[in-house]
Amino acid sequence: NGAASGNTSPDSKTIRIAYQAFPSGDLVVKNQGLLEKALPDYEIKWTKFDSGASINTAFVAKSLDIAAIGSSPVARGLSAPLNIPYQVAFVLDVAGDNEALVARNGSGVTDVAGLRGKKVATPFASTAHYSLLAALKQAGVAESDVTIVDLEPQDILAAWTRGDLDAAYSWLPSLDELKKTGKVLISSRQLATAGKPTLDLGVVSTAFASAHPEAVDAWRKVEAQALDLIASDPAAAAKSVAQELNLTPADAQNQLSQGVFLKPADISSDEWLGTEAKVGKLADNLVSAAQFLKEQQKIDAVPDLTTVQKSIYVKGLPDVLG
Amino acid sequence: MSSDSAAVELANVEHSYGDVTAVGPVSLSVPAGEFLVLVGASGCGKSTLLRLIAGFEQPTTGTVLTGGRAPRPGRGAGLVFQQPRLFPWKTVGGNVALALRYAGLPTDRVDELLAGVGLHDVAHRRTWQISGGQQQRVAIARALAVDNPLLLLDEPFAALDALTRERLQEDLRRVSARTGRTCVFVTHSVDEAVFLGSRVVVLTARPGRVALDLKVGLPRDGLAPDELRGLPEYAALRSQIGHAVREAATVSEKAIGPEGVPA
Amino acid sequence: MSSDSAAVELANVEHSYGDVTAVGPVSLSVPAGEFLVLVGASGCGKSTLLRLIAGFEQPTTGTVLTGGRAPRPGRGAGLVFQQPRLFPWKTVGGNVALALRYAGLPTDRVDELLAGVGLHDVAHRRTWQISGGQQQRVAIARALAVDNPLLLLDEPFAALDALTRERLQEDLRRVSARTGRTCVFVTHSVDEAVFLGSRVVVLTARPGRVALDLKVGLPRDGLAPDELRGLPEYAALRSQIGHAVREAATVSEKAIGPEGVPA
Amino acid sequence: MSIIAPVRPTTEPATGGARTARAKGGRRRVLLRVVALLVLYALWEITARVTRNPVFIPGPGAVWHQLIVTSTTHDGVRGYSGHLLIEHLGVSLRRILIGSVIGVAAGLVLGVVMGTVGWIRVVAEPVVTFVRALPPLAYFSLFIIWFGIDETPKLWLLSIAALPPVAVATAAAVYSAPTGLVEAARALGAGRWQIVRDVVLPNALPEIFTGIRLAVGVAYSSVVAAETINGVPGIGGLIRDAQRYSQTDVVVLGLFAIGLSGLLIDALLRTAETRLIPWRGRS
Amino acid sequence: MSIIAPVRPTTEPATGGARTARAKGGRRRVLLRVVALLVLYALWEITARVTRNPVFIPGPGAVWHQLIVTSTTHDGVRGYSGHLLIEHLGVSLRRILIGSVIGVAAGLVLGVVMGTVGWIRVVAEPVVTFVRALPPLAYFSLFIIWFGIDETPKLWLLSIAALPPVAVATAAAVYSAPTGLVEAARALGAGRWQIVRDVVLPNALPEIFTGIRLAVGVAYSSVVAAETINGVPGIGGLIRDAQRYSQTDVVVLGLFAIGLSGLLIDALLRTAETRLIPWRGRS
Ligand SMILES: Nc1ncnc2c1ncn2[C@@H]1O[C@H](COP(=O)(O)OP(=O)(O)OP(=O)(O)O)[C@@H](O)[C@H]1O
Ligand SMILES: Nc1ncnc2c1ncn2[C@@H]1O[C@H](COP(=O)(O)OP(=O)(O)OP(=O)(O)O)[C@@H](O)[C@H]1O
Ligand SMILES: [Mg+2]
Ligand SMILES: [Mg+2]
């Protein structure tokens, strides 16, 4: 199989894309076959993954060319020992109200500081985990003062219902259920404002990007097109997302509405990817995420800023998205 | 032929394994205290008959009664199978002890019982660490551990040398005579049949039916085994039964009526 | 006693199972073509001796040679164990066919071989669907399927009725005489020993040693079995051997030197 | 007799009485199972109604509805995640089948060799024990790295999961081959591999079958783990997806699909077993 | 003889020659294992050097380093995730042990009952087959709903994982109890449960042991699944954590901890087996 061979030769016309089951423009692209239309010569293989960790693994195995992946795993992937040769080429969405820290009614917790001595659940190694720790730090709560439990979102819901948890940092759709019997302490939208955004990124393997720059351009264009669709015709976008996630269109639209979807033009702003001339603040964001991981002893060393900046794929920006 | 007090009562018993009829219609009534010896060709149905009496097989037609009731394995009958069937997970002594335990008896008689069949110093051995004849004797000791009114023995002495065999024959005869047990004993040895039996039944070839049913009226009391064997009646019975066995083995299925060997 | 052309050669053979000495020092030389019958009390070591000759046991001391070489199971010797040891996953016929297959012979002789031991219509049966004596006969047919120069038989006819037994005895004697096979035959029947053996060895009680080693010089050619049994020498041999067996069984270990029974 | 020594259909041809008894037994069996099913169904329905939380315990109705939804094309969507339920199941069954076959074959060979060849046992036994203690979830990512994300790692995972029961059961059974019968074969002149073929393996067959049945079960229960990555189509991928969106009714539907097809395969194996081992209990 | 009928220490007391042969055999065994270990080690080292990618295959040195790091307190951090390796392992072993004991006991009872009581077999067998086909990852969420996120759901999962091998092996062995010996016991007057105790169970013991060994192995390999939820401290939780951060050396270290302790327990079980079943191969 293609695991070891990679996909770097210019005449190989296959794109292997990893997508995840979170509502984003990526699902619209897949559902409407936008990329297939844009690149009729290419064979496009969509593969569903359920975590950034497994996407990183698949990149290590040289089984992927393009992927939708959270910023936290990207920070890991760019750091030692992984040092995955991929580049960030797109911002799919920024976590907004679709990821939040909720305290269960009856736990007596009303703000983040009140979490001391309480039991909080979140899926480890996820963007939510990152946000939770950021929120605690912001509120001046030491991590050791809180019992943090590693649970998948569906398991959080189960434990929550039993009353085993006091709070949880989770995302949609289970977040909606949590909100019904709980109070939002802080959401990722607020953290983003406070300088700790978590994002879903599009990454491209370096080898693929240098071998097929035109394909990367096409991909960025259709992703931008999808973002436009989300902004202009949420119902149509929701319909596509719903089909991919086996949801009702209404559910999908509700979920989409809670995320932050950038305007294509904003992506090449200094706030995010930046341009060929000046790489944007996303690099700093990734470095700070890596620093955070280093504190957690989860990575060996924090990559320096220039290395990370090289891993931002700004080729052709801002014109490509223009 | 039937009597209410019969220890074993077979009425028109037939048994088939699938389409193989092993035992032709047999009617036999064994009064309590009788020592019945079954003789017959290999494969004529002796073991099957014993299994019917023990309750391990149900007759295809006819009825089997022991002590007036349908036989049930382990109830009132001691059984020595044709194979030793020792439990390999128990020692030799443990095999005998098991029989005592099932009967609710104390298990300290194990060594005594083993000595009774000529086995010393083997109680602690594993069942595969003794010879074939010794295994057979353990099976006998096991079956004799409990005093059952009925004893069913399927060629118990086949694997024993002449001397041991004679000793055990003598013991068995004495014990059964003294306690008044009923015995049904299968053997291929005509000598053994005459020596032990108060009645000898010769079966025809498969399906086994009664070819000869002979009371052995030897005067036993006070006679030493050798004296008994020296009696002229003894020799006569031997040759009569030996003859009948040879005859019966060659009798074809068709030539024999339900009543026994044709005159 | 030893000879270079001996089919079986035992020199000072002793065999112990742990601290149980089963066979005392035994020296025996069996010339090719001899029909040696081993007689002895139950547990005296006959089977062990046979297993030594077959190569299943290694002597604790001394050496065993067959055809001048150390014996190896399945090489040049047919063996009938004391138990039938049939393969339950094969039919009766399949058990016999296996022996033929191992010898590279065509397997169409199965029915003939079974008929040779008096079994008809059982080739398709399962091994537990035939009687004990029938199982024993299948084991004999299996061992006789291939013409080995040496035949080792451990009480092969113990579970058979007189008639079948005599027929098979006669067959075995005829076959071994005609083909010049060497036989070592274990039995408890003194009559069988005299009838079959060209030489009879009586063993003492455990550990088995040679108590009596007797050439049987009966004139066999042209005599019908009944005529043979009617000879006066026959009766004399019977009683001599019978006597020796009784004696040997009671000889204590100490009283007997390595040379045999004391005068 | 009915309790301790159950009726063995193939070994003892029926007498007249036994034949009707068996027919009765068959009817009684079906009846018992139907009753058991009804009881389970009632329990489920009642629990679902009492709990009244379809996320935790979806009622039979909801699951039935999902069966229909996932088996048809609705609103332009084919089944679940673009594949019908039967397709998900089919893909997974294919994986389970291939994985089981490879695992069983390898386990059989390994078991026989370990049971018969001394030095291989000495070396291989610890390795097998070591490997079978390892959690598939732990080494699956290594498989991804080595074999990519397509079928290969899944088949490897399922094969490795299916191997140990067969290998261990076979090795144990082969190791305790009946001395008496092995000797009998040797006396007949059987060579080493003839003994293995004609005595050791037939004698081990009942245990090997137990091993195979366990192996297939283990492969089944590993299917979700195997389909964590690139698992759609696949019943394990379907379950995981549904789980993530708390579509418990779909999860339960998937569990039923797995359990019922597992039942079916086990029934086939048991039938084969009865056919192939008429001597059960006779050796 | 050495090939087909291996030396059975307990059954055949040694003759002079055999005794030295066995001592030799023991030394040969140790030697073989050491050689095998060295070969494996060399292979690993070479592969690691050739690959030169610690994420693919961390070298022995890296794993050794992690062993030291996770077993000591460095920079104010105790081991990994606040617990020493040995503590992670201890917690998991405790879970495995309890889960195995419960699973084995339940499987034993179930197996015996299914093997002996006809109507229970008819009803329970499909249920057991159904349940053992279900992937733990699929139903684990239900356990959380029922049992919370502490020890209980983990122990349930491990117990349920350990149950089927014992239940299936026991039921199969009990079902094929040797007719001849069962009859012998009945002839001696044994009652139903005496037969089970004195014939059926001893005869099934070798297969039961195989089942137990498999069960412990399955419990082991389920420990990561069981510790997906609130699994730290715990060797499974450690592995999961390390996996998500691609700390392959820690993952491999965890795998070693699991595999080696699994080897140890299996060796204990095998010793017990040899002791308890002197009649192996003799029935
Ligand atoms: N594995 C063993 N361990 C210890 N003792 C044994 C073992 N096998 C046999 N024996 C003992 O060795 C002696 C000889 O046994 P063997 O089977 O050769 O006797 P045998 O002459 O064939 O007896 P039988 O006529 O009863 O078959 C017996 O006393 C027996 O108890
Ligand atoms: N399960 C079975 N199925 C079919 N036929 C059988 C079965 N068991 C026994 N038979 C046949 O029934 C007949 C009687 O068997 P049985 O065991 O009663 O003979 P037996 O008189 O004891 O012979 P032996 O003296 O050889 O032990 C035999 O011909 C045998 O082949
Ligand atoms: Mg019989
Ligand atoms: Mg013997």
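Below, chain A is the first sequence line, B the second, and so on; all start at residue 1. FYI, side chains are in, hydrogens and waters are out, and symmetry mates aren't considered; it's all heavy atoms of this structure.
Counting heavy-atom pairs under 4.5 Å between each of D:Val223, D:Ile57, D:Thr129 and chain E puts D:Thr129 at the top. Taking E:Pro126, E:Ala225, E:Ala172 one by one and counting their heavy-atom pairs under 4.5 Å with chain D, the maximum is reached by E:Pro126. Considering only heavy-atom pairs separated by less than 4.5 Å from chain E, the leading option among D:Thr228, D:Leu134, D:Leu260, D:Val216 is D:Leu134. Comparing E:Val123, E:Leu137, E:Val131 by how many heavy-atom pairs each has under 4.5 Å with chain D, the most go to E:Leu137. In terms of heavy-atom pairs under 4.5 Å with chain D, the best-connected choice from E:Leu142, E:Leu263, E:Ile239 is E:Leu263. Between chain D and the residues E:Val224, E:Val251, E:Leu214, the largest count of heavy-atom pairs under 4.5 Å involves E:Leu214. Counting heavy-atom pairs closer than 4.5 Å to chain E, the top residue among D:Gly217, D:Ala36, D:Ala267 is D:Gly217.
With contacts defined as side-chain heavy-atom distances shorter than 4.5 Å, the pair E:Arg132/D:Tyr220 does not qualify. Residues E:Ile277 and D:Ser176 are not in side-chain contact: their nearest non-hydrogen atoms beyond the backbone lie 4.5 Å or more apart.
A side-chain donor-acceptor contact under 3.5 Å links D:Arg33 to the backbone of E:Val122. When atom types are taken as modelled, the side chain of E:Thr179 and the backbone of D:Arg282 share no donor-acceptor pair closer than 3.5 angstrom. Panel note: side chain E:Ser221, backbone D:Ala133; no donor-acceptor pair is recorded below 3.5 Å.
In this structure, E:Arg213 pairs ionically with D:Glu125, as a charged nitrogen and a carboxylate oxygen lie closer than 4.0 Å.
Contact of E:Ser261 with chain D is not made at all, since no heavy-atom distance falls under 4.5 Å. If you measure heavy-atom distances from E:Pro206 to chain D, you find no contacts under 4.5 Å at all. Using a 4.5 Å cut-off between heavy atoms, E:Phe256 contacts chain D through both its backbone and its side chain. Only the side chain of E:Ile145 has a heavy atom closer than 4.5 Å to any heavy atom of chain D. The contact between E:Arg270 and chain D is made entirely by side chain atoms (from C-beta outward), counting heavy-atom distances below 4.5 Å.
Between E:Leu32 and D:Trp119 the shortest heavy-atom distance is CD1-CB, 3.5 Å.
We find the OG-CZ distance between D:Ser141 and E:Arg240 to be 11.0 Å, quoted to the nearest 0.5 Å. Put simply, CZ on E:Phe140 and CD on D:Gln243 are 11.0 Å apart, with the number rounded to the nearest 0.5 Å. The CZ atom of D:Phe130 sits 9.5 Å away from the CG atom of E:Leu40 when rounded to the nearest 0.5 Å. For the atom pair OG1 (E:Thr210) and CD (D:Glu207), the distance works out to 5.0 Å, reported to the nearest 0.5 Å.
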